[in-house]
There are 2 protein chains.
Amino acid sequence: MPSARTDEDLAGALRARGLRVTPQRLVIHRVLRDRAGHATAEQVLREVAPALPNVSLPTVYATLALLERLGAVRRVSAPGDRAVYDTRTDPHHHIYCRECGAVADLEAPLDPGTALRAAERVGFRPDWAELTLTGTCARCAAAQPTRADTTAK
Amino acid sequence: MPSARTDEDLAGALRARGLRVTPQRLVIHRVLRDRAGHATAEQVLREVAPALPNVSLPTVYATLALLERLGAVRRVSAPGDRAVYDTRTDPHHHIYCRECGAVADLEAPLDPGTALRAAERVGFRPDWAELTLTGTCARCAAAQPTRADTTAK
DNA sequence: CTTTTTGCAAATGATTTGCATTAAC
DNA sequence: GTTAATGCAAATCATTTGCAAAAAG
């Protein structure tokens, strides 16, 4: 049920809930689905513009929120500021660079079983688990040598 | 090195970097250290007020950012909106409720070893790993029955 | 036709910034 | 005394909201 993979899937999910199938919804979903990485709302707007020059940012936000409710898109909130969205549904994790704020996917197995069970024991109903590694990305690490703790200024 | 546990530790860390030891910095750090859970900047302001009635929100933010740089405090960005801060240094995770936006700690073991190694293999230098479980908290689950996927509208 | 969506403009709310004043050292 | 920190007011910026016009069903 979650995550529509094709335009038809999405259209079906929308109709099933009495929601309307609009070009904005189809295109925004398509753009996110066909992207490599994550996208901010602003990026989505830019990438949707060629197909629909008049979409507005509020519509992008509203649509992303709707797609999230449908389970077709996931909102990943960067430890920093703006949120990013993606359509991946397979287990994967994120690395976040403190320096430049970049968020990237990380392929790695992880067994959150114990944590999930612990959460359920507290009455929490988890539907998603993701690991976030915080640190310094390769690019930023190269820029500032070894960040010796004593060299501060 | 990271995470000053006492006022003296913090004072020392500040002096070591040529930074000044101010009551604001000491009190804000103390308040966060002695708290149970997480606190937003606004909460910190409120709790610091009794001791220092004139502290301003900008100072709270600046100080929290400084303490984060010193490794004395960690900023946890809720998948939702406002960031929360805490002084915990032991491995723990977070559960985030989509409905009400609440963030809570979760005690559970987890071995991020493989993920850390995968990140390093890509040139990333991780300094922190945390698991975030997203779902519905007990309170909200009680409010809205079972959220059957077909009952929407 | 009726009701949902859209686009626009304006609002919101957290976090930041500019700057003169005050406090550390 | 000097220079960094503070407090205040104003600025930013992502995200939301109100509403009339446009589009879906």
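Within every chain, numbering begins at 1; the chains are lettered A, B, ... in the order of the sequence lines, protein sequences first and strands thereafter.
- For the contact set between residues 39-48 of chain A and DNA chain D, defined by any heavy atom under 4.0 Å, there are no members.
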Walk me through it: do B:Thr22 and B:Leu14 pass the test side-chain contact (heavy atoms from CB on, under 4.5 Å)? CA-CA 10 Å; B:Thr22 67; B:Leu14 289 170; over 6 Å; no
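- In this structure, B:Pro53 reaches neither bases nor backbone, as no heavy-atom distance under 4.0 Å exists between it and the strands shown.
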Criterion side-chain contact (heavy atoms from CB on, under 4.5 Å) on A:Ile95 and A:Val103, from CA distance to verdict: CA-CA 6 Å; A:Ile95 51 184; A:Val103 179; over 6 Å; no
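- Residue B:Gln24 places none of its side-chain N or O atoms closer than 4.0 Å to OP1 or OP2 of C:dA23.
- Between the CZ atom of B:Arg17 and the P atom of D:dT3 there is a distance of 22 Å, given to the nearest Å.
- DNA chain D lies under 4.0 Å from at least one heavy atom of each of the following residues of residues 54-66 of chain A: A:Pro58, A:Tyr61.
- Of the candidates B:Asp7, B:Thr6, B:Thr87, B:Arg33 forms a side chain to side chain donor-acceptor pair (under 3.5 Å) with just one, namely B:Asp7.
- No salt bridge links A:Arg117 with B:Glu107; every basic N to acidic carboxylate O contact stays at or beyond 4.0 Å.
- Under the 30°/60° scheme for interplanar angles, the aromatic rings of B:His92 and B:His38 are found to lie parallel.
- The side chain of A:Thr22 places an N or O atom within less than 4.0 Å of a non-bridging phosphate oxygen (OP1 or OP2) of C:dT6.
- Although no hydrogens or angles enter the test, the distance criterion places no donor-acceptor pair under 3.5 Å between the side chain of B:Glu47 and the main chain of B:Val44.
- If you measure from atom CZ of B:Arg75 to atom C1' of C:dA14, you get 11 Å, rounded to the nearest angstrom.
- Distance CG (B:Leu26) to P (C:dA24): 10 Å, rounded to an integer number of Å.
- Using a distance-only test at 3.5 Å, with no hydrogens or angles considered, no donor-acceptor pair links the side chain of A:Thr59 to the main chain of A:Val55.
- Residues B:Tyr85 and B:Leu10 share a hydrophobic cluster, clusters being chains of Ile/Leu/Val/Met/Phe/Trp/Tyr side chains in contact below 4.5 Å.
- Put simply, the side chain of A:Arg20 and the base of C:dT3 share a donor and an acceptor less than 3.5 Å apart.
- Between A:Phe124 and B:Leu133 the shortest side-chain heavy-atom distance falls below 4.5 Å.
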Taking it one step at a time, do B:Trp128 and B:Glu130 satisfy side-chain contact (heavy atoms from CB on, under 4.5 Å)? CA-CA 7 Å; B:Trp128 185 253; B:Glu130 83 180 21; 3.0 Å; yes
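- Summarising the geometry, the separation between CG on A:Leu10 and C1' on D:dA24 is reported as 15 Å, rounded to the nearest angstrom.
- For B:Leu70 and D:dA5, the CG to C1' distance is 15 Å, given to the nearest whole Å.
- With the nearest nucleotide of DNA chain D identified for both B:Arg25 and A:Leu19, B:Arg25 has the one nearer the 5' end.
- Rounding to whole angstrom units, CZ of residue A:Arg82 and C1' of C:dG13 are separated by 17 Å.
- You'll find the side chain of B:Leu64 stays beyond 4.5 Å of the side chain of B:Arg75, heavy atoms only.
- Defining each end axis of the helix from C:dC1-D:dG25 to C:dC25-D:dG1 as the rotation carrying four pairs' C1' atoms onto the next four, with five pairs an end, the two axes are found to diverge by 40° to 10 degrees.
- Side-chain contact, A:Asp105 with A:His93: no donor N or O sits under 3.5 Å from an acceptor N or O.
- Rounding to whole angstrom units, CG of residue B:Leu14 and C1' of D:dT6 are separated by 15 Å.
- A:Leu52 has its CG atom 12 Å from the P atom of D:dA23, to the nearest Å.
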